[in-house]
Number of protein chains: 2
Amino acid sequence: MRMSDIIEEFIKDLFDDGSDAIEIQRNELAEHFNCVPSQINYVISTRFKPSQGYYVESRRGGGGHITIKKVNNDKEDYIMHIIKNIGDELTANDVDILISDFLSYDIIDTKEAKLLKVATSDNVLKLSKDLKDKVRARIFKNMLLNI
Amino acid sequence: MRMSDIIEEFIKDLFDDGSDAIEIQRNELAEHFNCVPSQINYVISTRFKPSQGYYVESRRGGGGHITIKKVNNDKEDYIMHIIKNIGDELTANDVDILISDFLSYDIIDTKEAKLLKVATSDNVLKLSKDLKDKVRARIFKNMLLNI
DNA sequence: CTTTTTGACTTTCTCTGACTTTCAACATAT
DNA sequence: ATATGTTGAAAGTCAGAGAAAGTCAAAAAG
């Protein structure tokens with residue numbers, strides 16, 4: 001079996017504890033596998049591309065490291081699923097419930113939550129009941145699509 | 001973990017009581033972390049730059065010290081200024097112009113831009129002309145307040 | 001030919017210490 | 001009493017050493 005495949009597998013196993021980001025040290029890992037450090041770069045650039053669902057960051061210098069994040073696209077699936085299930089109308093209360101769900105599933109961050117909430121709040125819309133819930137549904141779904 | 005990161009964190013924790021300015025003594029801090037004093041300068045110059053929202057002053061000599069102030073960059077002032085100058089109504093075109101200004105001044109990022117735009121677009125609001133521009137103005141201003 | 005492996009060279013970030021500058025307090029001379 | 005000099009206690013600067021990671025092209029393997 002190829003070195004690269006072994007290293008790939010090793011790195012992927014690091015995600016097994018359920019964390020969505022792991023950190024490695026290039027030299028340390030290279031030493032562990034008895035290969036040159038740049039082999040690690042090779043593995044990362046061929047096996048942990050964005051198109052494969054990973055996002056990579058790094059820092060050089062003393063205490064430097066490489067961080068690999070798993071970007072789960074279940075997020076998008078989940079959002080699409082929600083959007084499909086939101087009808088033509090949405091109350092402010094519905095929005096609150098959805099937002100707190102999203103937050104607890106890490107679908108959105110707190111800033112996005114605030115924006116969603118404020119853009120769809122009764123005070124901001126200030127429309128008649130029948131219009132309000134319809135406009136709110138449209139704004140909410142369209143914003144979600146862009147998160 | 002790097003020395004610099006630890007010192008950075010320590011200093012940032014000093015702000016935790018809500019104060020917007022803290023004072024340290026370079027030598028004392030260096031001693032506390034068992035590093036050379038100039039390491040403190042390094043941390044300050046790399047982690048407490050104006051672009052990161054901090055303003056630093058110091059005094060040498062007996063009883064000298066370093067003061068670090070948290071400055072809310074004029075980003076907020078600018079946003080407030082804009083909000084005040086937006087009237088009761090706002091067209092989709094106005095929004096486009098404002099958004100591209102914000103982007104070029106780094107007041108918002110592209111994601112926020114998308115959310116602002118989508119939440120205020122004609123297609124999403126789908127309201128009569130007179131209502132539309134009023135609702136749009138309210139949504140836009142309130143979202144801006146939360147960015 | 002394509003993918004993998006290797007290593008020489010580069011870039012970035014951190015840490016350190018020697019040397020410099022500034023300030024306040026105290027001392028001395030006019 | 002005022003001005004000047006001295007000293008010690010800070011903080012500042014800067015360049016070099018060290019610690020990672022990045023790049024790229026040649027060699028090797030498949």
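Quick note on labels: first sequence line is chain A, next is B, and so on, each numbered from 1.
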Would you please name every residue forming a side chain to side chain contact (heavy atoms under 4.5 Å, CB included) with B:D133, sequence neighbours left out?
B:E89, B:T91, B:K129, B:R136

Side chain to side chain donor-acceptor pair (under 3.5 Å) against A:S121, all qualifying residues, sequence neighbours excluded
none

Name the pairs: protein N/O against N/O of nucleotides 22-26 of chain D, kept only if under 3.5 Å.
residue, atom, partner, partner atom, Å
D:dG22, OP1, A:S58, OG, 2.9
D:dG22, OP2, A:N41, ND2, 2.7
D:dG22, O4', A:R60, NH2, 2.9
D:dG22, N7, A:R26, NH1, 2.9
D:dG22, N7, A:R26, NH2, 3.2

Sequence neighbours left out, what passes side chain to side chain donor-acceptor pair (under 3.5 Å) with B:D101? Give chain and number order.
none

Contacts of A:I82 meeting side chain to side chain contact (heavy atoms under 4.5 Å, CB included) (sequence neighbours excluded), chain-then-number -> A:Y78, A:I86, A:L98, A:F102, A:L144

Look at all strands and tell whether B:G64 reaches a base, only sugar-phosphate, or nothing, counting heavy atoms closer than 4.0 Å.
sugar-phosphate

Return the set of residues passing side chain to side chain donor-acceptor pair (under 3.5 Å) with A:K49 (not counting sequence neighbours), or none when no residue passes.
none

Within residues 27-34 of chain A, find the residues that approach DNA chain D with a heavy atom at under 4.0 Å, and present them sorted by residue number.
A:N27

Can a cation-pi geometry be assigned to A:K12 and A:F48, taking NZ or CZ under 6.0 Å from the six-membered ring centre and within 45° of the ring axis?
yes

Partner residues of A:K69 under the side chain to side chain contact (heavy atoms under 4.5 Å, CB included) criterion, sequence neighbours left out
A:A21, A:Y55, A:E57, A:T67

Applying side chain to side chain contact (heavy atoms under 4.5 Å, CB included), can you list everything that pairs with B:K114, at least two apart in sequence or on another chain?
A:N146

All ring-ring contact (aromatic ring centres under 6.0 Å, His included) counterparts of B:Y42, not counting sequence neighbours
none

ring-ring contact (aromatic ring centres under 6.0 Å, His included) filter on A:H32, not counting sequence neighbours, yields A:F10

With a strict under 4.0 Å distance from non-hydrogen atoms of chain B, what nucleotide opens and what nucleotide closes the contacted stretch of DNA chain C, reading 5' to 3'?
C:dC13 to C:dA24

